[in-house]
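Count residues from 1 along the sequence. Computation of the quantities below employed the complete heavy-atom set of this structure, encompassing side-chain atoms and omitting hydrogens, waters and symmetry-equivalent molecules. Counting starts at 1 for both ligands and their atoms, following the listed order. Nothing here was measured: the structure is a model prediction, and the numbers come from that model.
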Amino acid sequence: MKLCRWIVVLALVGAATAVTAQDLKSPSADQYVPRLGDIMSAAQTRHQKLWLASKAQNWELSAYELRQLKASLVEAALLYSGIPVSNVTTLEPSLQATSDAIATKDGRKFAKALGDLTEGCNACHRSMGRSFVVIKVPADPQPFANQLFAPPARP
Ligand code: HEC
């Protein structure tokens, strides 16, 4: 009985050590490149949280979510060379305006800046054959309340 327990303990310790060593050295972990859709899903979550944080006047969290959102967009442009750099740089003024609104805790300016930023998301989607992915400024705190799921009107 006692021996049996020791074997189990040793097996668990061994397993834990092996996992840690593998975690550090695993070549697949080094080479992992997130799929663009996954980076965008993270951007969507951060866009939503950015809005929620500003609604709650949690400006520190807003600033954090904005940094995270910006990092997602930069990552997308760096990892996916098919994305025109200009599609990301045109977002710079609205990112800056959002950042300024957060710094001055100005809810009204924030709403305008987030609207412009969101239009920037959609402008890139339209230019890259993804016009069916329509992001909107959330209206309620439901998860993914920042994406329109109805088909856009065709011209
Ligand atoms: C520079 C171009 C560009 C910008 C800017 C951009 N996107 Fe995207 N986005 C894409 C592309 C391209 C796809 C399609 C990815 C694919 O098909 O794998 C996409 C897809 C998405 C998707 C669909 C992912 C899914 O799996 O459902 C979401 C959500 C999304 N973007 C959110 C955003 C948000 C939010 C912003 C702005 C904060 C944004 N995107 C800004 C290029 C962009």
Side-chain angles (χ1 to χ4, degrees), residues 15-16 18-155:
V19 167
T20 309
Q22 210 179 353
D23 273 356
L24 291 175
K25 289 183 188 153
S26 167
S28 60
D30 290 349
Q31 291 161 3
Y32 174 71
V33 175
R35 296 172 58 222
L36 182 55
D38 294 345
I39 298 174
M40 287 295 155
S41 287
Q44 180 178 25
T45 303
R46 286 156 180 170
H47 176 270
Q48 171 103 7
K49 289 183 177 180
L50 177 60
W51 178 78
L52 285 170
S54 80
K55 278 274 154 205
Q57 305 212 325
N58 183 346
W59 300 110
E60 199 179 359
L61 180 60
S62 301
Y64 170 79
E65 293 298 347
L66 182 64
R67 282 198 302 276
Q68 297 285 75
L69 178 59
K70 202 171 167 181
S72 288
L73 297 175
V74 169
E75 195 177 29
L78 286 178
L79 291 174
Y80 289 88
S81 52
I83 293 185
V85 173
S86 60
N87 281 15
V88 179
T89 50
T90 50
L91 290 179
E92 192 49 48
S94 56
L95 283 167
Q96 189 57 51
T98 311
S99 175
D100 292 347
I102 291 169
T104 55
K105 304 181 179 176
D106 188 327
R108 236 168 39 88
K109 280 193 183 145
F110 177 89
K112 160 92 175 77
L114 187 66
D116 292 347
L117 179 60
T118 305
E119 179 40 37
C121 305
N122 292 328
C124 186
H125 293 161
R126 282 195 299 272
S127 79
M128 300 201 68
R130 299 295 190 282
S131 53
F132 48 84
V133 181
V134 182
I135 305 300
K136 71 181 182 92
V137 174
D140 63 60
Q142 295 305 311
F144 303 119
N146 61 349
Q147 183 170 0
L148 275 176
F149 286 93
R154 303 269 171 227

For ligand 1, which atoms, with element, lie under 4.0 Å from some heavy atom of [X]?
X: Asn87; answer: 1 (C)
X: Val88; answer: 1 (C)
X: Leu91; answer: 5 (C)
X: Cys124; answer: 1 (C), 2 (C), 3 (C), 4 (C), 5 (C), 42 (C), 43 (C)

Is there a donor-acceptor contact under 3.5 Å linking the side chains of Tyr64 and Glu60? no
I need the Leu114 CG to His47 NE2 distance, nearest 0.5 Å. 4.5 Å
How about His125: does one of its N, O or S atoms come closer than 2.8 Å to atom 8 (Fe) of ligand 1? yes
Met40 backbone or side-chain N/O/S under 2.8 Å from atom 8 (Fe) of ligand 1: yes
Looking only at non-hydrogen atoms, find the nearest pair between [X] and [Y] and report the distance.
X: Ala76; Y: Leu36; value: CB-CD1, 3.7 Å
X: Leu91; Y: Cys121; value: CD2-N, 4.1 Å
X: Leu50; Y: Ser62; value: CD1-O, 3.2 Å

N or O pair under 3.5 Å between Arg130 and ligand 1: yes
Per-residue contact class, Leu73 against ligand 1 - non-hydrogen pairs under 4.0 Å: side chain
Given that the side chain starts at C-beta and the backbone is N, CA, C, O, which of these parts of Leu69 lies under 4.0 Å from ligand 1, counting heavy atoms, or is it both or neither? side chain
Using modelled atom types only, decide if a donor and an acceptor are shared between the side chain of Asp106 and the backbone of Ala101 within a distance under 3.5 Å. no
Quick one: does any side-chain atom of Ser99 pair with a main-chain N or O of Leu95 as donor and acceptor, under 3.5 Å? no
